[in-house]
Structures are given as C-alpha cells and as structure tokens.
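Shown next, in structure tokens, is the structure this report addresses.
For ligands, and for the atoms within them, numbers begin at 1 and follow the listed sequence. Numbers here simply count residues along the sequence, with the first being 1. These numbers come from the heavy atoms of this one structure, side chains and all, not from hydrogens, waters or symmetry mates.
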Amino acid sequence: MWIDVHTHLEMLEENPGQVLDEAAKEKVNHMITIGCHPKDFDKVCDISKAHYPTIAATLGVHPHDAKFYDDKVEATIRSRAPENFIIGIGEIGLDYFYNHSDPDIQRNAFSRQMEMAQSVGLPVEIHSRDAEDDTANELKRCKGRNTGMMHCFSGTEKLARAALDVGFYISISGVITFKNAQTLRDIVKTVPLDRLLIETDAPFLAPVPMRGKKNKPAFVAHTAKVVASIKGVSEEDLSIQLKKNVKSLFPKWNI
Ligand SMILES: [Zn+2]
Ligand SMILES: [Zn+2]
C-alpha cells in the first residue's frame, strides 16, 4: 500500500474517480492533493472533500505565485485550515531557478506562511529549487516551531542535512528513477528510513519506465520500488514504514 504525499489532481485530465481507480490497481490507496495558487483553492478543496480520507489536501501559495500572497489570501487559508480534510500548508518555499516572483517577495511569502502554519498547527510541504542557503536559513529560523517535509527533494546533501536537523522529512519523487540522479540516490542512502516519504508531483516528472507520459499517482509505485532497493528493504517493509511516517507527520489525517 502506497501513499502519494504530493500530487496536483486538479491539473490532471482524468477525473479524481478515474485517478483513484488506476491508483488502487497499483496499491496506491491514499494521496495528498496540493494547493498552489489561490484561484485553485476551491477546486482543490472540492476534490478532497468529496474523497476524504482517500484524498487529503493542503493549501498554500507556491513560490512562483508568491506575488499573489497577501492578507486576504492568508485569511482564506486560515479560515479553511480547520476543515477536516486540510492536513497541511503547501506548497510554499523558494524557486530562484524560474524567479516567476521576485526573490524578496518569495522570501516574505515563505516566512509568513511558515508562521501561519505554526499558528494553525499544520505541517508544511516545502518546494526549494536553486535556493538552498535561503531555504536552510528559513528552516533554521523556524527550528522547533514547524514540522514538515521537503517535497520532490533534489538538492544537495547539505540541504538534506539542514532539513533532517530541524526534524523534517525528505520526500522523494520519480526523479530518483532517472539515469542522471546518482547524487540523489547517494543522498537517499544516508536519509534514515523513518524520515523518508514518496510522491509523484503529478502531472510532472513521470518516473522511469513511464517517462514522457503524464505522471499520475499510480506511478508512485515505480518510485517506491527504487527507494526500496536503495534502502535494501522489501517493498512490504518500506510500505509499512512510509505509512508510519505519514501518520506521524500528518496527525490530522485519519488513515
Ligand atoms: Zn513543487
Ligand atoms: Zn507540486
């Protein structure tokens, strides 16, 4: 049984019912659909509400869209956070690769959402690309006050350490199956099993052997297989451990 901790169901062509049927065939029984942009919050919530607890949801403003984060958006997230199916804040973070929002604006939105997550008592899902030092600094600043995970981790060992040091989890996407991802495979060897998670980030980043196709939660099973072999554990043992990890990071989710 697998849990996809980061997917974007409102971006998929298939309706959630079809996605769940296909996922169930690959033993993917639960997933978290992620809010990125205020304009999609209603859709994300509707999908989760209709299928909870199979599908849980998070709300947050992606670094690309940090320029849209303001008091009104924060109030919306705060008012929805108590709903049973909202189990986290995300995705939030920093992306200096694209810089779709100005870096100063990204840092401000990231910090404010870390603090909001503290005050509503929910874990965060963090996106970090080409922004390692600033991400690590924010993690350090909030040490002991936030819980969370690094989504689609593809950073350096230094960033992995910084995240582990503050008690965060490292979530591995299909990137781990790519030929050129040896660095990531080496890092995963050093991450304790009780701090790992897996995700698709669908519709992006389909794993080998599905590369070129649009990603979907069912494909997380391929990522699981590779993680199990890197960690030298059976798929069954990995699945039991990952479920424990999900339950401890997302205590609100009754799975
Ligand atoms: Zn992301
Ligand atoms: Zn994402």
With a cut-off of 2.8 Å, which protein N/O/S atoms are close to the Zn ion (ligand 1), if we only count those under it? E91 OE1, H127 ND1, H151 NE2
Considering the options T156, I230, V175, T177, which one meets the side-chain contact (heavy atoms from CB on, under 4.5 Å) requirement together with L184? V175
Under the side chain to side chain donor-acceptor pair (under 3.5 Å) rule, what do N215 and T200 come out as? Steps first, then yes or no, please. CA-CA 7 Å; N215 204 359; T200 55; 4.6 Å; no
E132, Q106, E138 screened by side-chain contact (heavy atoms from CB on, under 4.5 Å) with L94, the one that passes: Q106
Identify, by name, the N, O or S atom of H8 lying closest to the Zn ion (ligand 2). NE2
Aromatic ring pairing H127/H64, orientation class (parallel under 30°, perpendicular over 60°, tilted between): perpendicular
Going through the checks in order, is the salt bridge (Lys or Arg N to Asp or Glu O under 4.0 Å) test met by R80 and D42? CA-CA 10 Å; R80 303 205 79 154; D42 282 344; 2.9 Å; yes
Pick from T33, D201, D40: which one makes a side chain to side chain donor-acceptor pair (under 3.5 Å) with H8? D201
